[in-house]
Amino acid sequence: MNILIIESEIYLAQKVVSRLLDDGHSCDYVESPNLDSLTKEYDIVLLSTSLPALQCKNIIKRYKDSIIILLVSYISDETVTNPIKDGAKDYIMKPFIMDELVRKIYHYKECRSLRQELNTMRRYLDFMFKDIDLEETTLPPSFPILIETNSQKCADKLVFELSKKLDMGVKFISFSNDNWQKELNSTFKGIIYLTDYHTLKKNAKENLIKIIEDKNCILTSLEKEEAFPYKKIEFNKSDLVVLNNNIMTINDYVKLMVLSFQSKYPDTELSKKLGISRKSLWEKRKKLGIEKKK
């Protein structure tokens, strides 16, 4: 990491720089900075609040995208409260144990990395789920629940939305995994999300129903499950015509492709990708009852 140390106590600053260099970081040290001279960007800024309050405020503003840890001699509004309101992350009292400072640095670096990863995943999920409308579909906030669907992605979005609403974590377990029973018997306190329920045999389903009675479980199936005794909802993606990985007929395949891609490709290109003529595509639409989107 690139680290800037702003500290008027030279001996303390040298100790900090020496330790951080030993840990493999790149360090710059300034005693009394001029904002115009601070042209580099840093991951971490260690800022002494012995500087004038206005100068500290301007430095925090300059490095608003960095992790700022205050080096303070005493605690007051001027040295701690106000700088943290301005954007500093934390403080450490002088004199401090060097290991404690290093621990804080790594803690906030890890927090920032996790936050960035979380934001990336949220943007990715928003992109993946953007074509799934939940306006008229919600999961009841009680368990167990079975989602009957023709799209695993539809069920996934429902589960993520409920997880956010209830502020509960999610543990994913697939019945296609040989270790699913061991994973289900864990003491996890959040939502247990069980997929591929349709792959279980009848006796396995009967045993499972007893096990999940008092657990926060959501199950998904790509088939109708008439014997499931708890809450069930149906949530299908309207433009999908295939269930449970069954082999599709040619007409079903054409219908799926046309419904999925007719808004993306003009008829000339779509018919070429399907290996049929534009006339055949028109005839398929008429035969299969597909309305052409404009």
Side-chain angles (χ1 to χ4, degrees), residues 115-141 143 145-176 190-199 217-225 231-276 278 280-282 284-294:
R115 191 177 294 113
Q116 290 171 342
E117 184 178 345
L118 179 60
N119 288 335
T120 299
M121 290 303 299
R122 282 176 175 166
R123 289 194 296 271
Y124 174 73
L125 290 175
D126 288 342
F127 171 76
M128 291 297 293
F129 294 146
K130 69 181 188 305
D131 59 337
I132 299 173
D133 183 11
L134 295 185
E135 191 172 328
E136 298 180 3
T137 307
T138 56
L139 280 173
F143 305 95
I145 308 166
L146 174 69
I147 304 171
E148 295 175 338
T149 184
N150 65 348
S151 166
Q152 187 63 53
K153 194 162 73 167
C154 285
D156 292 347
K157 184 168 184 179
L158 274 175
V159 173
F160 277 117
E161 289 297 316
L162 184 63
S163 166
K164 188 188 303 182
K165 180 180 178 181
L166 299 181
D167 193 23
M168 297 173 70
V170 179
K171 180 175 184 177
F172 296 88
I173 302 175
S174 172
F175 291 118
S176 61
I191 296 172
I192 302 174
Y193 183 29
L194 302 157
T195 63
D196 305 311
Y197 181 70
H198 54 274
T199 64
C217 290
I218 300 177
L219 301 86
T220 60
S221 175
L222 299 182
E223 295 177 352
K224 294 287 186 180
E225 303 290 348
K231 291 183 178 68
K232 292 193 299 181
I233 68 165
E234 184 176 328
F235 184 34
N236 292 317
K237 197 168 188 297
S238 59
D239 58 355
L240 290 184
V241 295
V242 60
L243 292 174
N244 198 21
N245 297 323
N246 289 329
I247 296 176
M248 303 171 67
T249 66
I250 296 298
N251 282 339
D252 281 346
Y253 172 77
V254 171
K255 185 175 183 178
L256 175 61
M257 292 300 103
V258 173
L259 286 171
S260 299
F261 296 105
Q262 65 178 351
S263 60
K264 183 176 181 181
Y265 299 111
D267 281 1
T268 302
E269 190 169 352
L270 182 58
S271 59
K272 184 177 179 181
K273 289 181 178 295
L274 290 170
I276 58 178
R278 283 191 64 185
S280 295
L281 177 60
W282 179 84
K284 289 286 186 184
R285 274 203 182 97
K286 186 176 180 182
K287 180 179 178 180
L288 298 173
I290 303 171
E291 183 179 350
K292 183 177 180 179
K293 293 184 179 180
K294 298 181 180 179

Exercise. Could you please spell out the steps behind the side-chain contact (heavy atoms from CB on, under 4.5 Å) verdict for Phe143 and Cys217?
Key: CA-CA 6 Å; Phe143 305 95; Cys217 290; 5.6 Å; no

Self-check item: Derivation of the side-chain contact (heavy atoms from CB on, under 4.5 Å) call for Leu270 and Leu281
Solution: CA-CA 9 Å; Leu270 182 58; Leu281 177 60; 4.2 Å; yes

Practice problem: Just do the side-chain contact (heavy atoms from CB on, under 4.5 Å) check on Thr195 and Phe172 with the steps written out, would you? | Solution: CA-CA 8 Å; Thr195 63; Phe172 296 88; 5.6 Å; no

Quiz prompt | Chi angles and distances behind the side-chain contact (heavy atoms from CB on, under 4.5 Å) call for Phe175, Thr220 | solution = CA-CA 10 Å; Phe175 291 118; Thr220 60; over 6 Å; no

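With hydrogens and angles ignored, the 3.5 Å screen pairs no side-chain donor or acceptor of Ser151 with any backbone N or O of Asn236. In this structure, Ser271 contributes its side chain and Thr268 its backbone to a donor-acceptor pair below 3.5 Å. Side-chain N or O atoms of Thr120 include one that pairs as donor or acceptor with a backbone N or O of Gln116 at under 3.5 Å. Between the side chain of Thr149 and the backbone N or O of Leu222, no donor-acceptor pair lies under 3.5 Å.
Taking NZ of Lys157 as the start and NZ of Lys130 as the end, the distance is 10.5 Å to the nearest 0.5 Å. If you take OG1 on Thr138 and CD1 on Ile233, they are separated by 7.5 Å, rounding to the nearest 0.5 Å. The NZ atom of Lys164 lies 11.5 Å from the CG atom of Leu162; values are rounded to the nearest 0.5 Å. Between Ile218 atom CD1 and Leu139 atom CG the span is 5.0 Å, to the nearest 0.5 Å. For the atom pair Thr137 OG1 and Glu161 CD, the distance stands at 11.5 Å (nearest 0.5 Å).
Heavy-atom contacts from other residues, nucleotides or ligands closer than 6.0 Å to CG of Asp167 number 12 or fewer. Within a 6.0 Å radius of NZ in Lys153, more than 12 heavy atoms belonging to other residues, nucleotides or ligands are found.
Counting only heavy atoms from C-beta outward, the side chains of Tyr193 and Lys171 never approach each other to under 4.5 Å. For the pair Leu274 and Lys272, the minimum side-chain heavy-atom distance is 4.5 Å or more.
Shown here for Ile191 and Ser163, the closest heavy-atom pair between the two residues is CD1-CA, 3.9 Å.
Looking at Lys232 and Glu148, a side-chain N of the basic residue comes within less than 4.0 Å of a carboxylate O on the acidic one, giving a salt bridge. Using a cutoff of 4.0 Å between basic side-chain nitrogens and carboxylate oxygens, Asp267 and Arg285 are scored as salt-bridged.
Ring geometry, Phe129 versus Phe160: the interplanar angle falls from 30° to 60°, so the pair is classed tilted.
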